[in-house]
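Everything on this sheet refers to the single structure shown next.
Whatever order the structure lists them in is the order used to number ligands and atoms, beginning at 1. Computation of the quantities below employed the complete heavy-atom set of this structure, encompassing side-chain atoms and omitting hydrogens, waters and symmetry-equivalent molecules.
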Amino acid sequence: MKRVLVTGGAGFIGSNFVQFLLRERPELERLVNLDLLTYAGNLENLLPVQGDKRHVFVHGDIRDRALVKELFDRYDFDTVVHFAAESHVDRSILEPELFLTTNVVGTQSLLDAAKNHWNLDPGNKHSRDYKPGVVYLQVSTDEVYGALGKTGFFTETTPLAPNSPYSASKAGADLVVRAYHRTYGLPVNITRCSNNYGPYQFPEKLIPLMLHNAQQGKELPVYGDGMQIRDWLHVHDHCAAILTVLEKGVRGEVYNIGGNNERANIEIVRLILDRLGKPESLIRHVQDRPGHDRRYAIDNGKITSQLGWAPEYSFERGMEETIEWYLQNPGWVERVTSGAYLDYVHKMYGGD
Ligand code: NAD
Ligand code: TYD
């Protein structure tokens with residue numbers, strides 16, 4: 001791995017990954033970070049790598065096929081890690097079309113560019129020979145498997161049964177990635193992880209939203225009874241898992257990534273209130289999310305036994321560090337919620 005295209009590298013997981021990869025792999029020659037800077041993308045997340053000459057930020061859309069081809073021609077990537085997506089279930093319920101175009105059509109745009117650039121005989125539809133060592137990694141989600149009852153775990157062979165427009169768009173993208181492997185022999189991997197948490201998460205998702213509201217003494221909107229269960233994965237463990245799959249994964253395979261930390265939403269909300277010394281009277285049970293998945297849980301036996309990755313963070317340590325990060329960075333939350341960071345984009349790059 002020498003020249004990497006990361007998409008969505010100004011978002012939550014992508015920016016953690018960009019910082020992680022530049023730190024962990026000093027031999028990397030180039031990391032091009034393609035991001036549209038939607039409401040969820042924030043250049044401030046990349047300040048820790050701003051002096052690193054290997055990192056090149058490109059403001060653009062994964063659906064812009066001409067731009068994506070130009071980047072492949074210019075930088076000759078050997079690796080693609082595709083994070084860019086519309087990622088919030090609640091927004092997908094309001095605006096499903098955007099999720100389909102960004103998450104499915106955007107993925108196909110990247111796959112085409114990778115296939116055309118990497119295939120050794122691109123004019124020949126039967127050619128399955130690619131430059132050595134290249135890999136396209138699709139960052140997906142456990143939500144493609146649908147919901148579980150009280151018991152059981154998602155494995156890589158669990159049938160896809162997405163329930164929200166978001167998870168349906170991610171499942172659609174996964175199927176296109178699979179098809180490019182089967183039909184064209186493109187060297188791909190798909191990773192499906194559980195709910196991430198950690199620094200730089202936009203305060204629309206459960207943990208940073210509840211933290212932000214609790215700090216301000218605002219109500220904490222818990223959907224339904226709050227007994228929905230998620231598996232929580234610290235973002236640093238996720239980054240390490242992706243690097244493991246890039247370096248050791250068997251191409252064409254899917255790997256589930258979970259943190260072995262199942263928690264009910266209400267437990268997390270109580271933990272945050274307790275840590276901040278705020279009263280439980282701030283909890284407000286609100287109308288449930290339509291189609292709300294009751295429980296997600298991941299069997300991560302494949303990646304742990306075959307590739308040797310394992311999560312390092314306990315939930316207690318991860319939450320303590322995460323809460324501390326948000327408490328130490330009130331300006332970050334303030335700027336992303338006020339939209340003031342867009343001024344920063346104008347200052348940095350001018351134009352739109
Ligand atoms: P995020 O919403 O924080 O960031 C998404 C990034 O993609 C933003 O920087 C945004 O500007 C960029 N983007 C959106 N549309 C784009 C486009 N058309 N072209 C270029 N860039 C575009 O998301 P996240 O939480 O960091 O998630 C990253 C990936 O991981 C997503 O694919 C998501 O589906 C997946 N995932 C996330 C979680 C989680 O808990 N956050 C769990 C499982 C899987
Ligand atoms: P979220 O962070 O949106 O992630 P996902 O829907 O991808 O799992 O939500 C996590 C859980 O928290 C989910 O069960 C919905 C619930 N939730 C609330 O109860 N209230 C909220 O305001 C939000 C944003 C989420």
Side-chain angles (χ1 to χ4, degrees), residues 6-18 33-43 45-46 58-64 67-68 81-93 98-99 101-103 105-107 109-110 138-144 147 163-164 166-167 169-170 173-174 191-198 200-210 212-213 219-235 238 242 256-259 263-266 268-269 283-289 291-296 298 336 345:
V6 172
T7 68
F12 162 48
I13 307 174
S15 63
N16 275 284
F17 184 74
V18 166
N33 180 350
L34 173 61
D35 196 300
L36 187 58
L37 297 177
T38 67
Y39 77 94
N42 181 358
L43 285 175
N45 301 357
L46 297 165
V58 177
H59 183 195
D61 193 327
I62 53 169
R63 293 164 295 185
D64 182 343
L67 170 66
V68 174
V81 187
H82 178 34
F83 292 100
E86 290 293 338
S87 69
H88 189 37
V89 173
D90 292 321
R91 286 180 192 255
S92 82
I93 294 168
L98 176 62
F99 282 67
T101 62
T102 298
N103 296 359
V105 178
T107 294
S109 155
L110 294 166
Q138 178 78 5
V139 179
S140 186
T141 166
D142 61 357
E143 301 191 26
V144 297
N163 291 319
S164 71
Y166 162 67
S167 53
S169 70
K170 293 296 288 186
D174 284 11
T191 56
R192 296 188 180 133
C193 65
S194 53
N195 285 56
N196 283 221
Y197 69 105
Y200 303 106
Q201 186 166 33
F202 195 83
E204 66 184 351
K205 304 278 168 64
L206 180 76
I207 290 174
L209 178 93
M210 297 299 172
H212 182 55
N213 285 14
E219 286 181 340
L220 274 51
V222 172
Y223 297 158
D225 61 5
M227 291 306 291
Q228 302 84 1
I229 290 176
R230 300 289 181 263
D231 172 61
W232 293 93
L233 173 69
H234 193 279
V235 67
H238 186 196
I242 289 174
N256 285 352
I257 307 169
R263 295 287 187 286
N265 295 337
I266 193 77
I268 294 178
V269 169
I283 294 174
R284 166 117 188 267
H285 289 273
V286 298
Q287 191 174 4
D288 209 349
R289 171 189 278 171
H292 199 171
D293 290 332
R294 195 70 180 162
R295 174 171 169 258
Y296 304 141
I298 281 202
V336 298
V345 175

Trace of the side-chain hydrogen bond (donor to acceptor under 3.5 Å, both in side chains) decision for E86 with Y166: CA-CA 8 Å; E86 290 293 338; Y166 162 67; over 6 Å; no
Using a strict cut-off of 4.0 Å, indicate which atoms of ligand 2 neighbour a heavy atom of [X].
{"X": "L209", "result": "22 (O)"}
{"X": "M210", "result": "20 (N), 21 (C), 22 (O)"}
{"X": "K205", "result": "2 (O)"}
{"X": "E204", "result": "24 (C)"}
{"X": "V222", "result": "19 (O)"}
{"X": "H292", "result": "13 (C), 14 (O), 15 (C)"}
{"X": "H88", "result": "3 (O)"}

Heavy atom of [X] under 4.0 Å from ligand 1?
{"X": "G60", "value": "yes"}
{"X": "S140", "value": "yes"}
{"X": "T7", "value": "no"}
{"X": "A10", "value": "yes"}

For [atom], what's the nearest protein heavy atom and its distance?
{"atom": "atom 9 (O) of ligand 1", "value": "D35 OD2, 2.6 Å"}
{"atom": "atom 5 (C) of ligand 1", "value": "A85 O, 3.5 Å"}
{"atom": "atom 31 (C) of ligand 1", "value": "F83 O, 3.1 Å"}
{"atom": "atom 41 (N) of ligand 1", "value": "I13 CD1, 3.7 Å"}
{"atom": "atom 1 (P) of ligand 1", "value": "S87 OG, 3.6 Å"}
{"atom": "atom 16 (C) of ligand 2", "value": "N265 ND2, 3.4 Å"}
{"atom": "atom 20 (N) of ligand 2", "value": "P221 O, 2.8 Å"}
{"atom": "atom 4 (O) of ligand 2", "value": "N195 ND2, 3.4 Å"}
{"atom": "atom 2 (O) of ligand 2", "value": "L206 N, 2.9 Å"}
{"atom": "atom 5 (P) of ligand 2", "value": "E143 OE2, 3.5 Å"}
{"atom": "atom 18 (N) of ligand 1", "value": "D61 OD1, 2.9 Å"}
{"atom": "atom 25 (C) of ligand 2", "value": "Y223 CE1, 3.6 Å"}

NZ/NE/NH1/NH2 to OD/OE distance under 4.0 Å, K170 and D142: no
Check: L67 and D61 side chains under 4.5 Å, non-hydrogen atoms: no
Student check: side-chain heavy atoms of M210 and P221 closer than 4.5 Å: yes
R63 and ligand 1 - part of the residue with a heavy-atom distance under 4.0 Å: side chain
Part of T102 with heavy atoms under 4.0 Å of ligand 1, whether side chain, backbone, both or neither: side chain
Region of T141 engaging ligand 2 - heavy atom pairs below 4.0 Å: neither
Part of V286 within contact of ligand 2 (heavy atoms, under 4.0 Å): neither
Option nearest atom 9 (O) of ligand 2 (shortest heavy-atom distance, choices R294, Q228, R263, R289): R289
Pick from Y166, Y39, F12, F17: the one approaching atom 25 (O) of ligand 1 most closely through a non-hydrogen atom: F12
Check each atom of ligand 1 against the heavy atoms of [X] and keep those under 4.0 Å away; list them by number with element.
{"X": "K170", "value": "31 (C), 32 (O), 33 (C), 34 (O)"}
{"X": "T141", "value": "43 (C), 44 (C)"}
{"X": "T38", "value": "10 (C), 11 (O), 14 (C), 15 (N)"}

Any donor-acceptor N/O pair, T102 side chain to F99 backbone, under 3.5 Å: no
Stepwise side-chain hydrogen bond (donor to acceptor under 3.5 Å, both in side chains) test for Y39 and R91: CA-CA 12 Å; Y39 77 94; R91 286 180 192 255; 3.0 Å; yes
